[in-house]
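Just below is one structure, and these are the notes that go with it.
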Amino acid sequence: MKWISKIILCFIFRIEVIGIKNFPKTGSVIVAANHTSNYDPIILSSIFNRKIHFLAKKELFQRCITNWFFQKLHAIPVDRQSGIVIRPVRRALKVIENGEVLGIFPEGKRCKNGESVKPKKGVAFLGLKTGAPVLPVAIIYLDTKKWIRKPVKVVIGPMMYLNELKSLDYTVLAEAVMNHSRELREIHA
């Protein structure tokens, strides 16, 4: 799947990656990126050399073909309507405990550029509970008038260890992660 998506992405986007050295080659990590496009998880999966397990809304798994596709992307379905998150949280914890990469979009939904929302607490909970580092990432889509080879910057910041931030408040910690992503976006936009 990864090589197919890389080929397709080459026709759609011109991707520039900044800070790839910040992405660890081994060990557990939580990739926390802003979410403005359906392409975000595919772009992230294609630029990193490790498998990423993304948390994704349950609705994406309702059709046969999309269910197959998102299973291939190692997505973990989350039922945002019911508020019951025990199963996806357990799967996410297992991913991190196994030394793998978990991808999460702290906004909890796609947001248009400039739209400001409060982050969900999941990134903070998972970061504190496991002690895994959080890697803030900014995905910046430039020049929206282009239809092909649209320029995209993916900026990878330095890892954050949430237990070093001297707070146990999930809201404060989630906002700290999202603010790092926003700063990366502002610096490189």
Would a hydrophobic clustering, with Ile, Leu, Val, Met, Phe, Trp and Tyr connected at side-chain separations under 4.5 Å, put [X] with [Y]?
{"X": "L44", "Y": "I12", "value": "yes"}
{"X": "Y170", "Y": "L55", "value": "yes"}
{"X": "V172", "Y": "L128", "value": "no"}

**Q.** Trace of the side-chain contact (heavy atoms from CB on, under 4.5 Å) decision for V155 with R185
**A.** CA-CA 7 Å; V155 186; R185 199 167 49 237; over 6 Å; no
Q. Does the side chain of T130 reach to within under 4.5 Å of the side chain of L93, using non-hydrogen atoms?
A. yes
**Q.** Residue pairs passing the side-chain hydrogen bond (donor to acceptor under 3.5 Å, both in side chains) test where at least one lies in residues 87-103, sequence neighbours excluded
**A.**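 Applying side-chain hydrogen bond (donor to acceptor under 3.5 Å, both in side chains) to every pair that reaches into residues 87-103, excluding sequence neighbours, yields H53-E100.
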Q: Check the surroundings of atom NZ in K121: do more than 12 heavy atoms from other residues, nucleotides or ligands lie under 6.0 Å from it?
A: no
Q. What do you reckon, is CG of L168 surrounded by more than 12 foreign heavy atoms closer than 6.0 Å?
A.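 No, the 6.0 Å shell around CG holds no more than 12 heavy atoms from other groups.
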Which atoms form the tightest heavy-atom contact between [X] and [Y], and what is the distance?
{"X": "I104", "Y": "I30", "value": "CG2-CG2, 3.7 Å"}
{"X": "A33", "Y": "P106", "value": "O-CD, 3.3 Å"}
{"X": "K58", "Y": "P77", "value": "CA-CB, 4.3 Å"}

Q: Determine, step by step, whether F105 and C111 satisfy the side-chain contact (heavy atoms from CB on, under 4.5 Å) criterion, reporting the C-alpha distance in whole Å, the side-chain angles of both residues, the deciding distance to 0.1 Å, and the verdict.
A: CA-CA 10 Å; F105 300 107; C111 298; over 6 Å; no
Q) Does A75 have any side-chain contact (heavy atoms from CB on, under 4.5 Å) partners at least two apart in sequence or in another chain, and if so, which? A)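 Per chain and number, A75 pairs via side-chain contact (heavy atoms from CB on, under 4.5 Å) with A56, F61, F70.
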Q | CD1 on I140 to OG1 on T36, rounded to 0.5 Å | A |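 Here the interatomic distance stands at 9.5 Å.
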Anything under 3.5 Å between a donor and an acceptor, one on a side chain of residues 157-164, the other on a protein residue two or more places apart or in another chain? List them.
none

